[in-house]
**Student:** 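Structure incoming, see below.
We count residues from 1, following the sequence as given. Counting convention: from 1, in listed order, for ligands and their atoms alike.
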Amino acid sequence: MVSVKSSSKTSFSQNLQELIEYPQDGILSKVLVKDNHSQYSLFCLAKGTQIEEHTSTRNAVITVIEGQGILSLEGNDIALRPGVFVFMAANAPHALQAAENLAFVLVLSEQPQSQPRISQQTIDIVKSTAPLIKQHGQQITTRMYEIMFRNHPEIQAQFDMSAQANGFQPAKLARAVWSYATHIDNLDALKSMVETIAHRHVKTHVQPQQYPIVGASLLEAIKDVLGDAATDEVMAAWTEAYQVLAQIFIDREQEISHHPA
Ligand code: HEM
């Protein structure tokens with residue numbers, strides 16, 4: 001992945017023909033410009049490259065510049081050739097095959113209404129626990145890792161265990177959980193944090209099915225550390241809140257795996 005121009009603050013123009021270069025096999029993509037809501041990239045696929053069926057949580061537009069290929073979109077095959085424009089609605093399953101070297105511009109754009117709905121009660125309760133989470137954060141996350149590694153020792157292989165021992169990883173997680181508690185009513189404010197963590201998760205091969213394991217360990221740790229303050233209402237609110245955050249990561253990580261930026 002090469003970044004040609006990463007700020008959307010200034011206008012610019014670019015001759016795409018000069019940027020097109022094909023790898024020997026696979027995909028070369030270049031980010032032309034991006035901001036919090038959209039990303040414009042040039043994709044160059046070597047002849048024979050296949051992208052397996054996947055979905056994106058963002059709307060996507062393909063504009064073909066040169067070459068030939070087939071886009072399977074929601075079960076229909078669309079012939080890609082120069083000048084073809086395709087709009088793919090968020091969550092539409094799609095797959096791609098390059099019959100020749102194929103270059104296109106891909107635009108990914110956020111749907112503003114895609115912010116998950118969290119009940120007001122949950123938002124209020126989780127926000128009210130933010131000071132406690134701040135105060136006891138590291139104790140909670142240290143306990144969480146203890147519980148998780150005891151119940152699922154196999155997960156340790158994915159972690160840098162020296163960062164566990166010196167407390168860096170529990171401290172980072174504690175900060176993330178506290179930020180979430182503080183900004184649960186404005187998830188946009190968490191975007192850069194989600195980006196950093198999601199990229200780290202993709203690098204360390206975190207899988208969607210591991211989220212319930214982390215969730216159960218975190219909830220148990222919150223209960224252990226907060227004691228009486230962890231009432232049934234608090235636990236129910238954090239259960240709902242965790243699921244929403246987990247889904248945000250799962251969606252973003254799936255996207256990064258398929259459209260790395
Ligand atoms: C909502 C749930 C989660 C939150 C808030 C979270 C938070 C974090 C944070 C803050 C980091 C540090 C990122 C950095 O280096 O800057 C991280 C890294 C990491 N997370 Fe998560 N995470 C979550 C779920 C998971 C799950 C389900 C797994 C699966 C096992 C996982 C495994 C990892 C691993 C392996 C790392 C890299 C640690 C290392 O380099 O040793 N996380 N996570």
Side-chain angles (χ1 to χ4, degrees), residues 1 36 57 114-119 122-123 125-127 129-226 230 234-258 260-261:
M1 168 71 51
N36 279 346
T57 54
S114 68
Q115 176 145 329
R117 296 291 307 148
I118 311 176
S119 70
T122 292
I123 289 176
I125 296 175
V126 166
K127 272 188 93 103
T129 62
L132 277 176
I133 300 288
K134 183 167 192 170
Q135 193 184 345
H136 302 287
Q138 181 128 3
Q139 209 185 338
I140 293 173
T141 54
T142 305
R143 178 89 189 106
M144 185 216 95
Y145 284 116
E146 268 168 32
I147 295 168
M148 183 166 80
F149 293 150
R150 186 190 64 213
N151 294 339
H152 298 276
E154 72 287 352
I155 282 184
Q156 286 192 36
Q158 278 165 271
F159 284 85
D160 168 1
M161 291 311 283
S162 61
Q164 292 292 328
N166 62 24
F168 284 173
Q169 184 61 29
K172 283 182 179 174
L173 180 60
R175 212 165 30 244
V177 174
W178 173 72
S179 289
Y180 181 49
T182 315
H183 297 296
I184 187 164
D185 52 351
N186 175 20
L187 297 179
D188 264 1
L190 297 170
K191 260 185 189 293
S192 70
M193 180 189 95
V194 169
E195 281 305 295
T196 308
I197 298 174
H199 278 91
R200 189 80 195 115
H201 282 168
V202 171
K203 278 210 182 79
T204 48
H205 310 290
V206 169
Q207 300 299 314
Q209 61 273 23
Q210 293 180 307
Y211 277 86
I213 297 173
V214 167
S217 311
L218 181 64
L219 291 168
E220 196 180 324
I222 290 177
K223 196 154 184 52
D224 282 359
V225 173
L226 297 190
V234 164
M235 293 313 296
W238 267 102
T239 304
E240 185 190 344
Y242 176 83
Q243 278 160 4
V244 170
L245 184 62
Q247 199 57 52
I248 291 172
F249 280 120
I250 291 169
D251 290 345
R252 187 64 193 116
E253 284 155 24
Q254 197 207 0
E255 244 175 30
I256 293 168
S257 310
H258 285 105

**Student:** Go through ligand 1 atom by atom and flag the ones less than 4.0 Å from a non-hydrogen atom of V214.
**Tutor:**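 Under 4.0 Å from V214, ligand 1 has these atoms: 25 (C), 26 (C), 27 (C), 28 (C).
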**Student:** Considering R200, M144, K172, M161, which one's heavy-atom position lies nearest to atom 16 (O) of ligand 1?
**Tutor:**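 Nearest option to atom 16 (O) of ligand 1, by heavy atoms: K172.
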**Student:** Under 4.0 Å from a heavy atom of L173: give me the atoms of ligand 1 that qualify, with their elements.
**Tutor:**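 Near L173, meaning under 4.0 Å from one of its heavy atoms, ligand 1 has 4 (C), 5 (C), 6 (C), 7 (C).
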**Student:** Under 4.0 Å from ligand 1, counting heavy atoms only, is it the side chain of Q164, its backbone, both or neither?
**Tutor:**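 Contact part for Q164 vs ligand 1: neither.
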**Student:** Out of V126, T129, T239, which one pairs with V234 under the side chain to side chain contact (heavy atoms under 4.5 Å, CB included) rule?
**Tutor:**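 Answer after filtering V126, T129, T239: T129.
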**Student:** Give the numbers and elements of all ligand 1 atoms closer than 4.0 Å to a heavy atom of T204.
**Tutor:**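 Reading through ligand 1 atom by atom, the close ones are 34 (C), 35 (C), 36 (C), 37 (C).
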**Student:** Looking at non-hydrogen atoms alone, which of Q169, E253, Q247 comes nearest to atom 11 (C) of ligand 1?
**Tutor:**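 Checking each option, the heavy atom nearest atom 11 (C) of ligand 1 is found in Q169.
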**Student:** Take M161 and Q169, measure what side chain to side chain contact (heavy atoms under 4.5 Å, CB included) needs, and give me the verdict at the end.
**Tutor:** CA-CA 9 Å; M161 291 311 283; Q169 184 61 29; over 6 Å; no
**Student:** Give the numbers and elements of all ligand 1 atoms closer than 4.0 Å to a heavy atom of Q158.
**Tutor:**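 It comes down to these atoms of ligand 1: 35 (C).
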**Student:** Which residue supplies the protein heavy atom nearest to atom 2 (C) of ligand 1, what is that atom called, and how far is it?
**Tutor:**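 Of every protein heavy atom, Y242 CE1, 3.6 Å lies nearest to atom 2 (C) of ligand 1.
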**Student:** For the pair Y211 and Y242, name the ring-plane relationship: parallel under 30°, tilted 30 to 60°, perpendicular over 60°.
**Tutor:**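 Rings of Y211 and Y242: tilted, 30 to 60°.
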**Student:** What protein heavy atom sits nearest atom 28 (C) of ligand 1, and how far away is it?
**Tutor:**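 Result: V206 CG1, 3.6 Å.
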**Student:** Tell me yes or no: between the side chains of D160 and Q164, is some donor less than 3.5 Å from an acceptor?
**Tutor:**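 Q164 and D160 do not have a side-chain donor-acceptor pair below 3.5 Å.
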**Student:** Would you kindly say whether T122 and E240 are connected by a side-chain donor-acceptor distance under 3.5 Å?
**Tutor:**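 The criterion, which ignores hydrogens and geometry beyond distance, is satisfied for E240 and T122.
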**Student:** One residue to check: Y180. Relative to ligand 1, which of side chain, backbone, both or neither has a non-hydrogen atom less than 4.0 Å away?
**Tutor:**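 Under 4.0 Å from ligand 1, Y180 contributes no heavy atoms.
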**Student:** Which is closest to atom 23 (C) of ligand 1 by heavy-atom distance: H199, H201, H152, Q243?
**Tutor:**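 The nearest heavy atom belongs to H201.
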**Student:** At what distance is the nearest protein heavy atom to atom 30 (C) of ligand 1, and which residue and atom is it?
**Tutor:**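 Looking only at protein heavy atoms, the one closest to atom 30 (C) of ligand 1 is Q210 OE1, 3.7 Å.
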**Student:** Do any N or O atoms from the side chain of Q207 and from the backbone of H205 form a donor-acceptor pair under 3.5 angstrom?
**Tutor:**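 Pair found, side chain donor or acceptor close to backbone of H205.
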**Student:** The test is side chain to side chain contact (heavy atoms under 4.5 Å, CB included); show your working for F159 and M148 and say whether it passes.
**Tutor:** CA-CA 12 Å; F159 284 85; M148 183 166 80; 4.0 Å; yes
**Student:** Heavy atom to atom 41 (O) of ligand 1, shortest distance: which of D160, I197, I155 holds it?
**Tutor:**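 Ranked by closest heavy atom to atom 41 (O) of ligand 1, first place is D160.
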**Student:** May I ask you to decide whether R143 forms a salt bridge with E146, counting only side-chain N to carboxylate O separations under 4.0 Å?
**Tutor:**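 E146 and R143: salt-bridged.
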**Student:** Pick one: which of Y145, F168, W178 meets side chain to side chain contact (heavy atoms under 4.5 Å, CB included) with L173?
**Tutor:**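 Testing L173 for a side chain to side chain contact (heavy atoms under 4.5 Å, CB included) against Y145, F168, W178 leaves exactly one candidate, Y145.
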